**Q** 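Before anything else, here's the structure in question.
All values derive from a computational prediction rather than experimental measurement. Note: hydrogens, waters and symmetry copies are ignored here, and every other heavy atom, side chains too, is used.
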Amino acid sequence: MSRKPMVRPGGRSARVQEAVHAAVRELLAEVGRERLTVPMVASRAGVTPSTVYRRWGDLQELLSDVAVEHLRPETEPDDHGALPADMTAWAEQFIDEMSSPAGRAYIRDALLGDPDGSNAGQCSTYAAEQIDVIIARAAERGETVPELETVIDAVVAPIMYRILFRPTELDAPYARRLVASVLGGRQSAASQRRQRLTG
C-alpha cells in the first residue's frame, strides 16, 4: 500500500500559519528560545504582531501550536504485510521520534501552551489515527485485531509516561515488548525476520 500524504487545510489562514510556523522554526535555530519574541516572528513571517497575538494569544501558545503541527505525521504508517510487523515498526519509530531531544522539546512546548488540553488531545488523535490505519489494514487481511483503545493503553500510554517521567528503556526492544503484550505474543514470520535483521 502506498504512503499517502496527510491532508491539510488551505486558504489564507493556512498560508499565514505556514509562514509564522516557518519563521518560528528558523528563528529558534538562529537565536534560540530565550531570545525569541513575537515581533521577531511577525517580521520574519511578513505579518503584523497583532496578527500573531490575535491568532495565538502569546508566544508560548504559538510555540505550542508549532509543536503540535510538527508532531503531526506526514504519511500513513508503512505496510509490512502483517499486524505484528506493522505495529512493531510504528512503535519503534514513535519511540525514536518522541524520545529524541527535539521530540521531547516539542512535547514540552505542546503541553506548556495548552491550558484547555486541546493540544494534548490533538497529539493523541494523531497517534490514534496512525494505529487505526494499521488495525484497518490487518482487518482487511483477515487478521484478528485488538481494539484501538487497547493499543493506546498498552503501547502509546507507557511510552509517553516514560518519555515524560521515567526516560529509560526507550528503545526498540521496549517497543517490541509492548506490542507483544497487546497482541498476545503473536508474531508473524515476516515480523520475526524483520526483528532478526534490525536486531
**Q** Would a 4.5 Å heavy-atom cut-off, applied to side chains only, mark Val156 and Ile131 as touching?
**A**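 A side-chain contact under 4.5 Å exists here.
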**Q** How far does CD1 of Ile134 sit from CD of Glu76, to the nearest 0.5 angstrom?
**A**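 Interatomic distance, Ile134 CD1 to Glu76 CD, rounded to 0.5 Å: 10.0 Å.
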**Q** Suppose the criterion is ring pair (Phe, Tyr, Trp, His ring centres under 6.0 Å): which pairs have a residue in residues 22-74, not counting sequence neighbours?
**A**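 Output for this query lists His70-Tyr106.
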**Q** Hey, any chance Ile163 and Leu112 share a hydrophobic cluster, counting ILVMFWY side chains that come within less than 4.5 Å of each other, even indirectly?
**A**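 No, Ile163 does not connect to Leu112 through the hydrophobic network.
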**Q** List for me each residue that meets ring-ring contact (aromatic ring centres under 6.0 Å, His included) alongside Tyr174, sequence neighbours excluded, and say none if there are none.
**A**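 Tyr174 satisfies ring-ring contact (aromatic ring centres under 6.0 Å, His included) with no residue once adjacent residues are dropped.
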**Q** Do you know the tightest heavy-atom contact between Pro146 and Ile135?
**A**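 The pair with the smallest heavy-atom distance is O-CD1, 3.6 Å.
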**Q** Closer than 4.0 angstrom, basic N to acidic O: yes or no for Glu30 and Arg44?
**A**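 Here Glu30 pairs with Arg44 in a salt bridge, since their nearest N and O are under 4.0 Å apart.
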**Q** Under the 3.5 angstrom rule, does the side chain of Glu26 hit a backbone N or O of Val41 as a donor-acceptor pair?
**A**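 No: the side chain of Glu26 does not pair with the backbone of Val41.
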**Q** Could you tell me if the side chain of Leu63 sits less than 4.5 Å from the side chain of Leu36, heavy atoms only?
**A**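 Yes, at least one pair of side-chain atoms sits under 4.5 Å.
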**Q** Could you tell me which residues satisfy side-chain hydrogen bond (donor to acceptor under 3.5 Å, both in side chains) with Gln60, sequence neighbours excluded, listed by chain and number?
**A**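 Here no residue qualifies.
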**Q** Does Arg141 form a side-chain contact (heavy atoms from CB on, under 4.5 Å) with Asp86? I'd like the steps, not just the answer.
**A** CA-CA 12 Å; Arg141 291 190 292 257; Asp86 286 356; 3.2 Å; yes
**Q** Between Thr48 and Ala42, which heavy-atom pair has the shortest distance, and what is it?
**A**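 Taking every non-hydrogen atom into account, C-CB, 3.8 Å.
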**Q** Would you say Ser181's side chain and Leu178's backbone share a donor-acceptor pair under 3.5 angstrom?
**A** yes
**Q** Quick one: pull up CG in Leu170 and CE in Met98 and give me the separation to the nearest 0.5 Å.
**A**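 Going from the CG atom of Leu170 to the CE atom of Met98 covers 12.0 Å.
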**Q** Which heavy-atom pair separates Ala110 from Ser64 by the least distance, and what is that distance?
**A** O-OG, 2.8 Å
**Q** Going by the rule side-chain hydrogen bond (donor to acceptor under 3.5 Å, both in side chains), which residues pair with Arg104 if we only count those two or more places apart in sequence or in a different chain?
**A** none
**Q** Please step through side-chain contact (heavy atoms from CB on, under 4.5 Å) for the pair Asp65 and His21, ending with a clear verdict.
**A** CA-CA 8 Å; Asp65 192 50; His21 280 207; 2.9 Å; yes
**Q** Write down the atom of Cys123, the atom of Val68, and the distance for their closest heavy-atom approach.
**A** SG-CG2, 4.2 Å
**Q** Salt bridge (Lys or Arg N to Asp or Glu O under 4.0 Å) with Arg33: which residues, sequence neighbours excluded?
**A** Asp109
**Q** Salt bridge (charged side-chain N to carboxylate O under 4.0 Å, His left out) between Arg72 and Glu69: does it pass, once the steps are laid out?
**A** CA-CA 5 Å; Arg72 178 199 299 266; Glu69 183 64 20; 3.1 Å; yes
**Q** Looking at Thr88 and Ala85, would you say the former's side chain and the latter's main chain have a donor-acceptor pair under 3.5 Å?
**A** no
**Q** Closest approach of Ile159 and Ala91, non-hydrogen atoms and distance?
**A**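 Between these two residues, the closest heavy atoms are CD1-O, 4.4 Å.
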**Q** What's the spacing between Thr144 OG1 and Leu83 CG if we round to 0.5 Å?
**A**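 Output value for this atom pair is 9.0 Å.
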**Q** Could you tell me the separation between the CG atom of Leu183 and the CZ atom of Arg176, rounded to the nearest 0.5 Å?
**A**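 Taking CG in Leu183 and CZ in Arg176, the distance rounds to 14.0 Å.
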**Q** Can Arg55 and Ser13 be counted as having a side-chain donor-acceptor contact under 3.5 angstrom?
**A**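 A pair is found: one side chain offers a donor N or O, the other an acceptor, under 3.5 Å apart.
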**Q** Please report the shortest heavy-atom distance between Ser99 and Ile95, naming the atom on each side.
**A**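 Closest heavy-atom pair between Ser99 and Ile95: OG-O, 2.5 Å.
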**Q** Rounded to the nearest 0.5 Å, how far does CG of Leu59 lie from CE of Met40?
**A** 10.0 Å
**Q** Quick one: ring pair (Phe, Tyr, Trp, His ring centres under 6.0 Å) pairs with a partner in residues 124-170, sequence neighbours left out?
**A**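 For residues 124-170: Tyr161-Phe165.
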**Q** Are any of the side-chain heavy atoms of His80 and Trp90 separated by less than 4.5 Å?
**A** no
**Q** What distance do Glu61 atom CD and Asp58 atom CG have between them, rounded to the nearest 0.5 Å?
**A** 4.5 Å
**Q** Would Glu143 and Arg137 count as a salt bridge (charged side-chain N to carboxylate O under 4.0 Å, His left out) here? Give the steps.
**A** CA-CA 9 Å; Glu143 298 178 73; Arg137 285 176 183 161; over 6 Å; no
**Q** Check for a donor-acceptor pair, side chain of Thr125 on one end and backbone N or O of Gly121 on the other, with a separation under 3.5 Å.
**A**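 A pair under 3.5 Å: yes.
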